[in-house]
Amino acid sequence: MSIRLYNTLTKTKELFEPIAPGRVGIYLCGPTVYKEAHIGHMVGPVIFDTIKRYLTYNGFEVNWVVNITDVDDKLIAQSQERGISMSQVATEMTMDYCANLLAMGVDQITSMPRATENMDEIVGFIEGLIEKGFAYESDGDVFFDVQKDRQYGKLSNRSADDQQGEGGGAAAKKRSASDFALWKSAKAGQPAWDSPWGQGRPGWHIECSAMSRRLLGESFDIHGGGLDLMFPHHENEIAQSECCHGTPMAKYWMHNGLLRSGEAGKVGGKGDRESQAEESVEQAASGKMSRSAGAGGLRGQIERHGGEKIRFFLLKTHYRSTVVYSEAALDEAAIALDKFYVFFERYERIAGRTFYLAAGDDRQLNTQRSEGDFAPSDSGLLAEVKNYRDTYLAKMDDDFNSGGAVSELFNLLGALNKFADQQHLEEASKRTQAAIDQFLRGVETLRELAAILGLFLKPVTSTSSGGVEVVLDKLVQTFIQMRADARTNKDFAMSDRIRDDLTAAGITLEDRKEGTTWRLG
RNA sequence: GGCGCCGUGCCCAAGUGGUUUAAGGGGGCGGAUUGCAAAUCCGUUAUUCGCCGGUUCGAAUCCGGCCGGCGCCUCCA
C-alpha cells in the first residue's frame, strides 16, 4: 500500500512520505469569521476531514490544524456596522462555523488557533524577518521585501511584478509595489495590539506562517486550502516562512477546487451573448460562490437537506474539480444516498437491530487498514466484497479519489442487496444462518469503507423531536392497519387511496412478506 | 494582457499509455417481483472520450493547433 497525492508545488502526483515516519502534520487555511459561512466554505474541511480519516485508517497519527482569522478589515467593518466589538463578531461567527462543521460530520480537527490569540508568535515572526533582512518597517507598517526572495512565485508560477499589492495609502510606504504588509499600523478606534513598531494589527498572511510554525513546526507535511488562495496568500506564506527558516514550509501543497453556483439554468454557457445588459443578474445567479453574491444560508441548507447529504454531494466529485452546486444536483445526490438509507432499514429487518453502532456495541468498526479480513478461500459474496474493497482502497490511495471510491460503495451495496434477494434473508423460513453470517460480514465492510468518507456513522438527525416521531409512527401504523383490512376485503380503491394520500403527505409505504413498512420521502 | 484548470453517454461523473470495445449515480426503456405500487434484482441506454493533425506496435489518456467553458491576477475556502 502506498498513497500518492497531487502536489500543487510540483504539479505532479507524488508518493506520500511524511517528514517524520508515522506522523502527519496538516495545515488548512480556515475562514475569516466576519459573516456566516456558506456551503463553499465546507469543501476544504470536508475533504481534509476525509483525508485525515484515510491517513488515520492507514496507521498515521495526524495533527490537523485549521486557523480562524479573527482580525481583519472586514471584521472591523462588520463590528462598526453592527455596533458590537470585533471579538463579538468573531466569536459569533466562529460558533456558526463550528456548528456547520459538526453538522457536516467534520470532527477530526486537532486544533483551531485564532490569530488574536497568537500575537506574540506573530510579532516574533515579523521581528525574525526584519532581523534577517527580509522585511522592513515604514512609518509604523512592516512590509515583506519581495525583491529579497529569489524563489518568490514558485507555487503559482508568477513573478514578483505580477503582485499588484495593496493600493491607496500603503503604496507610498512600500519599497516596491509587490511588497505586502506583515503589520499594519492602527487607525483611530480600531482594535490594536502592541508591537515594536507601535500599535497595530497583523497583515493577512503572517498568522498562517506564525501559527503553523507554533503548532506543526518550521516544516510540516501538508498545507491545504482553496484554489483561490494559491496566489497571493499561499505564495506569501511560503515567502515568509521559507525566508525566515531556510527550509521548505510544507512538503505537499494541496488545493481543492471551488464550488460554483449553477442555478438559473445557465448550463449551455451561451446565455451571456445576448444579455450583456443583464450581466450583473447573470453573475449573481451563476459563478463562484461568494458571500457577496448571496451564496449564504448554509445553516438553512443544512436544516433543509441535512449535513450528510451535503457531505456526500461534495465527496462524490474529485476534490480538485470544480463542483457546480444547485438544488437539482443536491437532489440527485439525495436520491443516490437514499439507496443506502433504504438498505439500512433492510439490514434492520434482517439483523434485528439498527445499522448504526452504539457505544459498547459488539459489532466492531474496523478503523485500521488490514489485509487479513478475508481468506483466500472466501467465495461468493465475500470474494466480491473483498474485490470491491480492494478497488475502493486503491482509488483512495490515488490522490484521495473519493468520487471513484463512492462508486465501489455502490457496487458493494448492489452485491449485498442481490445476496439478500437470492438468499431470501428477509424470510425467516427460507434463510440460513450461514447466509446471514456472510451478509453481516459484508455489511461490516460497507461500514468500514463508508466511515473513511465520514458517512453513515450515526443516524441522520431529523428536525423533529423523538416524541413527535413516536406519535407519527403510531399514526401511520393505524393507516397501515386500515389499509391491510381494506386489502383483505379486496377493497383496492380504498387501500390505494390510503397509500396515495400518505404518499402525498411524504410517507412512502412498502409492502413486504413480513408486513408493511413506511419511511419518509 | 499574464498564470492556470477543464471539455467523457440525455444529465452528473471516475478513469490520464495496453487487464477499459470506458466505473458509479440520476434519468429513459424492457423484464422479474407486487392486487397495483414502493423497495430490490436482471437486461438495455458511448466501438466512443470537443475538433483536426502528430508520436507510438498501441491513446480518452502523450505532443501541437483550433473551438468551447471556467478560475486566479482585488477580499475570498
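Convention: sequence-line order gives letters A, B, ...; per-chain numbering from 1.
Here the C1' atom of nucleotide rA38(B) and the CD1 atom of I498(A) are 16 Å apart, to the nearest Å. The CG atom of L258(A) sits 14 Å away from the P atom of rC5(B) (whole-angstrom rounding). Rounded to whole Å, the distance from CG on D399(A) to P on rA14(B) is 12 Å. What separates CZ of F419(A) from C1' of rA39(B) is a distance of 19 Å, to the nearest Å. Straight-line distance from the CG atom of L416(A) to the P atom of rA39(B): 19 Å, rounded to whole Å. The distance from atom CG of D500(A) to atom P of rA37(B) is 12 Å, rounded to the nearest whole Å. Going from atom CD1 of I480(A) over to atom P of rA37(B) covers 20 Å, rounded to whole Å. Separating the CG atom of D72(A) from the C1' atom of rA77(B) is a distance of 14 Å, rounded to the nearest angstrom.
With sequence neighbours excluded, no residue satisfies side chain to side chain donor-acceptor pair (under 3.5 Å) with Y6(A). Shown here are the side chain to side chain donor-acceptor pair (under 3.5 Å) partners of D49(A), two or more places apart in sequence or in another chain: R53(A), R311(A). Applying the side chain to side chain contact (heavy atoms under 4.5 Å, CB included) test to A420(A) and every residue at least two apart in sequence or in another chain returns R346(A), I350(A), L425(A), F439(A). Partners of F312(A) under the ring pair (Phe, Tyr, Trp, His ring centres under 6.0 Å) rule, at least two apart in sequence or in another chain, do not exist in this structure. A search for ring pair (Phe, Tyr, Trp, His ring centres under 6.0 Å) contacts involving Y341(A) returns nothing, not counting sequence neighbours. Under the ring pair (Phe, Tyr, Trp, His ring centres under 6.0 Å) criterion, F48(A) pairs with no residue, sequence neighbours left out. Residues that satisfy the ring pair (Phe, Tyr, Trp, His ring centres under 6.0 Å) test with F344(A), not counting sequence neighbours, are F355(A), Y356(A), F456(A).
Mapped onto RNA chain B by nearest heavy atom, A333(A) and M42(A) fall at different nucleotides, with A333(A) at the one closer to the 5' end. When the nearest nucleotides of RNA chain B are assigned to H318(A) and R499(A) by heavy-atom distance, the more 5′-ward of the two goes with H318(A).
Minimum atom distance to the side chain of R512(A) is reached by rA38(B), of the listed rA38(B), rG35(B), rG4(B). Of all nucleotides listed (rG35(B), rG2(B), rA13(B)), rG2(B) comes nearest to the side chain of R158(A). For N401(A), counting side-chain heavy atoms from C-beta on, the closest listed nucleotide (rG15(B), rA39(B), rA38(B)) is rG15(B). Checking rC73(B), rC42(B), rC70(B) against the side-chain heavy atoms of R260(A) singles out rC70(B) as nearest. Nearest nucleotide to the side chain of R519(A), out of rG71(B), rG4(B), rA38(B): rA38(B).
The local environment of NZ in K13(A) is crowded, with over 12 non-hydrogen atoms from other residues, nucleotides or ligands closer than 6.0 Å. Other residues, nucleotides and ligands place more than 12 heavy atoms under 6.0 Å from the CE atom of M112(A). Atom NZ of K154(A) has more than 12 neighbouring heavy atoms from other residues, nucleotides or ligands inside a 6.0 Å radius.
No hydrogens or angles were tested; on distance alone, a donor-acceptor pair under 3.5 Å links the side chain of D511(A) to the base of rC36(B).
Here S321(A) does not reach the OP1 or OP2 of rA13(B): none of its side-chain N or O atoms lies under 4.0 Å away. Contact between the side-chain N/O atoms of N417(A) and the OP1/OP2 oxygens of rC41(B) is found at a separation under 4.0 Å. Neither OP1 nor OP2 of rC12(B) sits under 4.0 Å from any side-chain N or O of S326(A). Checking the phosphate oxygens (OP1, OP2) of rU40(B), no side-chain nitrogen or oxygen of K418(A) falls inside 4.0 Å.
Within the 3.5 Å criterion, the main-chain N or O of P113(A) finds no donor-acceptor partner in the side chain of N67(A).
Counting any heavy atom pair closer than 4.0 Å across all strands shown, R349(A) reaches no nucleic acid atom. Note on G224(A): nothing from the nucleic acid sits closer than 4.0 angstrom, heavy atoms only.
Identified under the salt bridge (Lys or Arg N to Asp or Glu O under 4.0 Å) test for residues 315-324 of chain A, with sequence neighbours left out: R320(A)-D399(A).
Comparing the P positions of rA14(B) and rC75(B) gives a spacing of 31 Å, expressed to the nearest Å. As rounded to the nearest Å, rG9(B) and rC41(B) have P atoms that lie 26 Å from one another. On the P atoms, rG7(B) is 11 Å away from rU61(B), given to the nearest whole Å. Taking the P atoms as reference points, rU33(B) lies 40 Å from rG15(B), given to the whole Å. Spacing between rC6(B) and rA13(B) at atom P, rounded to whole Å, works out to 14 Å.
H233(A) and H205(A) have tilted rings, their planes meeting at an angle from 30° to 60° on a 0 to 90° scale.
Within the 4.5 Å cutoff, side-chain heavy atoms of R389(A) are placed close to those of L393(A). Inter-residue side-chain proximity for L337(A) and F313(A) is flagged as unmet; no heavy-atom pair is nearer than 4.5 Å.
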Produce the list of close N/O pairs, under 3.5 Å, pairing protein atoms with atoms of nucleotides 26-29 of chain B; give distances to one decimal.
unit_1: rG26(B); atom_1: OP1; unit_2: K339(A); atom_2: NZ; d: 3.1

Pairwise N/O distances under 3.5 Å, protein to nucleotides 19-23 of chain B:
unit_1: rA23(B); atom_1: N3; unit_2: S407(A); atom_2: OG; d: 3.0

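Residues from residues 106-116 of chain A with heavy atoms under 4.0 angstrom of RNA chain B: there are none.
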What would the secondary structure line of RNA chain B be in dot-bracket form, counting Watson-Crick and G-U wobble pairs under 3.5 Å, with [ ] for pairs that cross earlier ones and | for pairs with another strand? ((((((((.[[[..)..(.....]]]((((((.......))))))....[[[[[..)....]]]]])))))))....
Checking side chain to side chain donor-acceptor pair (under 3.5 Å) for the pair T32(A)/D72(A): CA distance, chi angles, key distance, verdict? CA-CA 8 Å; T32(A) 302; D72(A) 157 278; 4.9 Å; no
